[in-house]
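Taking it in order: structure first as structure tokens, then the write-up.
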Amino acid sequence: MERRLLWYQTPSGRWEDGLPIGNGRLAAMVVNEADRDRIPMNHEWLWRGVSRDRDNVYAADRLPEVRSCLEKGDFRTATELANRYFAGKGGISGVKGRVDPYQTAGEIVFVPEGGCFLERSLDLDTAVAYCIRDVKCGDREGTAGESIGREGGGREGTAGESCGREDAGRGRLKCKASVSCADNFLMLRYWGEGIRFSGRLFYTRVEDGESVTRVQYTENRICFACAFEKGQSYRAEAVYASDGHIFADGDGITIKDAGYLDLFLNIGVEHKGIEEELMRYPLPAGEYDTENLFGRQEERFSGMMRRASVEISAPKVPLPADERIRRMRRGEKDNGLLLLYYHYGKYLLMCSSVCGELPANLQGKWNDLILPPWDCDYHFDINLEMNYWAAEQNDMGECAEALLQLCERFVPHARKAARDLYGCRGIYFPLQTDCWGRSTPEACGWAAWIGAAAWIAQHFWMHYRYSNDREFLRERAYPFFREVAEFYEDYLVLDGKGEYQILPSQSPENRFVGTGDFPVSIGISAAMDVQLCYDVLGYAIESAQLLGIDPQRREKWEEIRAHLPAFKIGSDGRLLEWDREVEEAEPGHRHFSHLYGLYPSDIFNPETRPAQYEAARKSLEFRLGQGGGHTGWSRAWSACLQARCNNGEAFYEHFAALVKDFATDSLLDLCGDIFQIDGNLGAVAAVNEALFGCWNGKVRLLQALPEEWRAEGRVNNVKIMGGHTLSFAWKDGKVTDLSLRKGAEEPVVLVYNGEEHIY
């Protein structure tokens, strides 16, 4: 199988153009600048910790006041009051919310003497980043080695001649870096190809006036300690070895005439016990084999990365990735780069999750700032969910586990929050949060919303459906569904028409005219809230049936579900976003909240609800026609929705736009000019949906295959609902061969080549 590789002949111009490596617990960005290498690092639990014990103020007695305004149609006052009582003090109030910002741990810097950049690359199958430089050398031991392109980098042949010089006093210096998912520490190796090199090594962190730091250097160790004011502390420890001459001083380490330099680094945080964590993943000591350590990482990572794959026939383009992006922006097609973007999304999900206890946040696990955008936190109203849409399909269930564990840690405080804020049993999850498991709304203007736990419930359901793990359903998923269902039992209001209304309600993060200057309107039974309630009650009902338990609860949930508000269609044929026709303040809004029922849910489909399906399709086209999809994650959702609508050409247009319009040179997704990982990860789900989408219990092969991919391709070992594994190939738009490994005793319905096939 061909290697999946990002490679460049230009240095990293900024942090966002670096090459990310990680294993879920630790992460690093390899930034190869013109004259030095920087390795900014992160630890998944390294949040400042100032607000880790925050709590809610009791507000449940205020709920009748807000509901009274809504029932009278006074949405302006209801929006104001709901935000005052149920949305926290952050957001538009101008007060910093209590969500902790995710932190940078600092960075290792190596400045080679007389170094000049030539080439850098990232191997997506092994999670190893490479760099090659032309350097001033000491004793020369033969000719310089060939380009890293043959060993683990880009093209065949020699590296680019960026330095414009190669003489008897210069040679090749190579570097590779990885965060091991086998040994759980960062690994960095420099070696000269037939030459000896010199340089300066040190550890630094961005200036932070609210922390106390200390760094110590010895002839074989670096120790960096940091304590945040009123927060937690952490320590980074590195060991290094070289066959050169080592000189340590108070500012760093000087290496002279070295043939190699090895460095291994680990981080321990207070929350996990600094000493315990550092001892749990010991760094190499005494005799060690660096190549064996890298080999262990490469074998384990590639084994997971290659479990499932998608291949599309595309010509090879022997150009660096940044040049290929520029050519796409000029209108050229590059299906090979689009396929690389798909696999890059899988890569980023693994590097964010596979050995982690926490899921990918807004930037995965990568951040170089002390005050990152949106605190680099978790957003439960699309971004976090989108990160994991594709995990189960790509046989990456261990990555989804990080998301499920985070949500389970929230449950104890989420019960208290449900009582304190709304006087309800069950659980309440906030719209935005951090790692500490505290269910507190923190963003006035946005956070008066109760649908987060119901949306997360979908991931528990998908984990069961793709694994068919009945024990998981019994011990973890069903208890979660039951908690969410209990909240709705208490929160819903039975009106005079016999319908259960959701109020207050919102459609994240949109608004209609007449609710003041708030960015989100509060109303009654917004479409998304009704859809979320409908789905989670369905999960609870079906789970209870499968497990043979809770018949009285099941009967109650069935009664509620049958009497939720209708999925309404407006006079213009579009699906209503709110419970009535209102004037939209921003017709081209970035969110498609009311289209949740089209994707990622399948409530609206042409077989069971054709009218709502057509109304949802019309809503999608209208919003996109008004300028929707103008962020990376929004464009990824657009691609998913178009694939679900069997529109292959529109899917391709939106998927390609992620590369052309929303990518850094290192293909990281952008929201405006800010890196957000959700677009990268949502793109994987979009391709999956186009090639083997599933709705209404049937797997539909090539349902949105674009003309550009029609000639030939293959899907290998993907997972489908029921715990089955599927592989198939196509030629000229038709499935040519197929294999199915059944994982559960149930019929499997596949739709392809115009027919249904039951296995």
Checking the side chain of [X] only, and the main-chain atoms of [Y] only, is there a donor and an acceptor separated by less than 3.5 Å?
X    : Y    : value
D579 : A526 : no
R62  : A59  : no
R67  : L503 : yes
T440 : D55  : no
D529 : S505 : no
E442 : R98  : yes
D495 : G498 : yes
N680 : D669 : yes
N696 : T608 : no

Taking [X] first and then [Y], would you say they form a salt bridge - that is, a charged N and a carboxylate O separated by under 4.0 Å?
X    : Y    : result
R554 : E559 : no
E584 : R574 : yes
R470 : E475 : no
E614 : R617 : yes
R511 : E586 : no
R644 : E689 : yes
D420 : K416 : yes

Check the angle between the aromatic planes of [X] and [Y] and answer parallel, tilted or perpendicular using the 30° and 60° thresholds.
X    : Y    : value
F481 : Y539 : tilted
Y464 : W461 : tilted
Y428 : F487 : tilted
F460 : F472 : parallel

Output field: ring centroids [X]/[Y] closer than 6.0 Å:
X    : Y    : result
W436 : H413 : no
F86  : W449 : no
Y234 : H43  : no
Y488 : Y500 : no
Y599 : W695 : no
F480 : F429 : yes
Y613 : F604 : no

Does CG belonging to D572 count more than 12 external heavy atoms closer than 6.0 Å?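 Atom CG in D572 is crowded, with more than 12 foreign heavy atoms closer than 6.0 Å.
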
**Asked** Does atom CD of E276 have more than 12 heavy-atom neighbours, drawn from other residues, nucleotides or ligands, at distances under 6.0 Å?
**Response**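 Buried by this count: over 12 neighbours within 6.0 Å.
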
ask   = Picking from L63, N83, L81, I524, what satisfies side chain to side chain contact (heavy atoms under 4.5 Å, CB included) with P504?
value =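 Single pass found, and it is L63.
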
message = Can you tell me which residue among L384, L362, N387 is in a side chain to side chain contact (heavy atoms under 4.5 Å, CB included) with H379?
response =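 Answer to the side chain to side chain contact (heavy atoms under 4.5 Å, CB included) test with H379 among L384, L362, N387: L362.
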
Do [X] and [Y] come within less than 4.5 Å of each other through their side chains, counting heavy atoms only?
X    : Y    : answer
M462 : M721 : yes
N361 : W374 : no
Q676 : W633 : yes

Minimal non-hydrogen separation, [X] against [Y], with atom names:
X    : Y    : answer
L349 : M396 : CD2-CE, 3.9 Å
S211 : C226 : CB-SG, 3.8 Å
A418 : G426 : CB-O, 3.5 Å
G514 : R76  : O-CB, 3.4 Å
I674 : P373 : CG2-CG, 3.6 Å

Could you check L620 against L624 for side-chain contact (heavy atoms from CB on, under 4.5 Å), going step by step and ending with a plain yes or no?
-> CA-CA 6 Å; L620 174 62; L624 292 173; 3.7 Å; yes

Roughly how far apart are C533 SG and Y491 OH, rounded to 0.5 Å?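 One finds 11.0 Å between SG of C533 and OH of Y491.
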
Spacing of CZ belonging to F512 relative to CD belonging to E581, to within rounding of 0.5 Å:
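Here the interatomic distance stands at 13.0 Å.
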
For side-chain contact (heavy atoms from CB on, under 4.5 Å), just list the numbers for K618 and E621, CA-CA rounded to whole Å, side-chain angles, deciding distance to a tenth of an Å, and then say yes or no.
-> CA-CA 5 Å; K618 190 167 185 178; E621 294 307 316; 5.9 Å; no

Does F592 form a side-chain contact (heavy atoms from CB on, under 4.5 Å) with S634? I'd like the steps, not just the answer.
CA-CA 8 Å; F592 303 98; S634 182; 3.4 Å; yes

Apply ring-ring contact (aromatic ring centres under 6.0 Å, His included) to the pair Y596 and W455, showing each step before the final yes or no. CA-CA 9 Å; Y596 160 88; W455 199 343; 5.7 Å; yes

Run the numbers on Q432 and Y378 for side-chain contact (heavy atoms from CB on, under 4.5 Å), then give the verdict. CA-CA 6 Å; Q432 68 169 134; Y378 296 113; over 6 Å; no

Partner of S525 under side-chain hydrogen bond (donor to acceptor under 3.5 Å, both in side chains), chosen from E499, K568, Q501, R580 =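 Testing each of E499, K568, Q501, R580 against S525, the sole residue satisfying side-chain hydrogen bond (donor to acceptor under 3.5 Å, both in side chains) is Q501.
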
* For the residue pair W47 and Q103, confirm or rule out a side-chain donor-acceptor distance under 3.5 Å. =>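 Note: W47 and Q103 side chains miss the donor-acceptor criterion.
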
**Asked** For residues T515 and T79, is any side-chain donor paired with an opposing acceptor at under 3.5 Å?
**Response**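 The criterion, which ignores hydrogens and geometry beyond distance, is not satisfied for T79 and T515.
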
Among D100, D208, D434, D377, find the residue that satisfies the salt bridge (charged side-chain N to carboxylate O under 4.0 Å, His left out) test when tested with R48.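 Exactly one pass, corresponding to D208.
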
Note to self: Out of the candidates K272, R25, K365, only one should pair with E44 under the salt bridge (charged side-chain N to carboxylate O under 4.0 Å, His left out) rule; please name it.
What the structure shows: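 Only match with E44 under salt bridge (charged side-chain N to carboxylate O under 4.0 Å, His left out): K365.
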
Margin query: Please evaluate residues Y102 and Q363 with respect to the criterion side chain to side chain donor-acceptor pair (under 3.5 Å), reporting the C-alpha separation (whole Å), side-chain torsions for both, the decisive distance (0.1 Å), and the verdict.
Written below: CA-CA 10 Å; Y102 185 58; Q363 294 184 183; over 6 Å; no

Exercise. Show your reasoning for whether salt bridge (charged side-chain N to carboxylate O under 4.0 Å, His left out) applies to E509 and R590.
Key: CA-CA 9 Å; E509 299 175 4; R590 63 195 178 278; 2.9 Å; yes

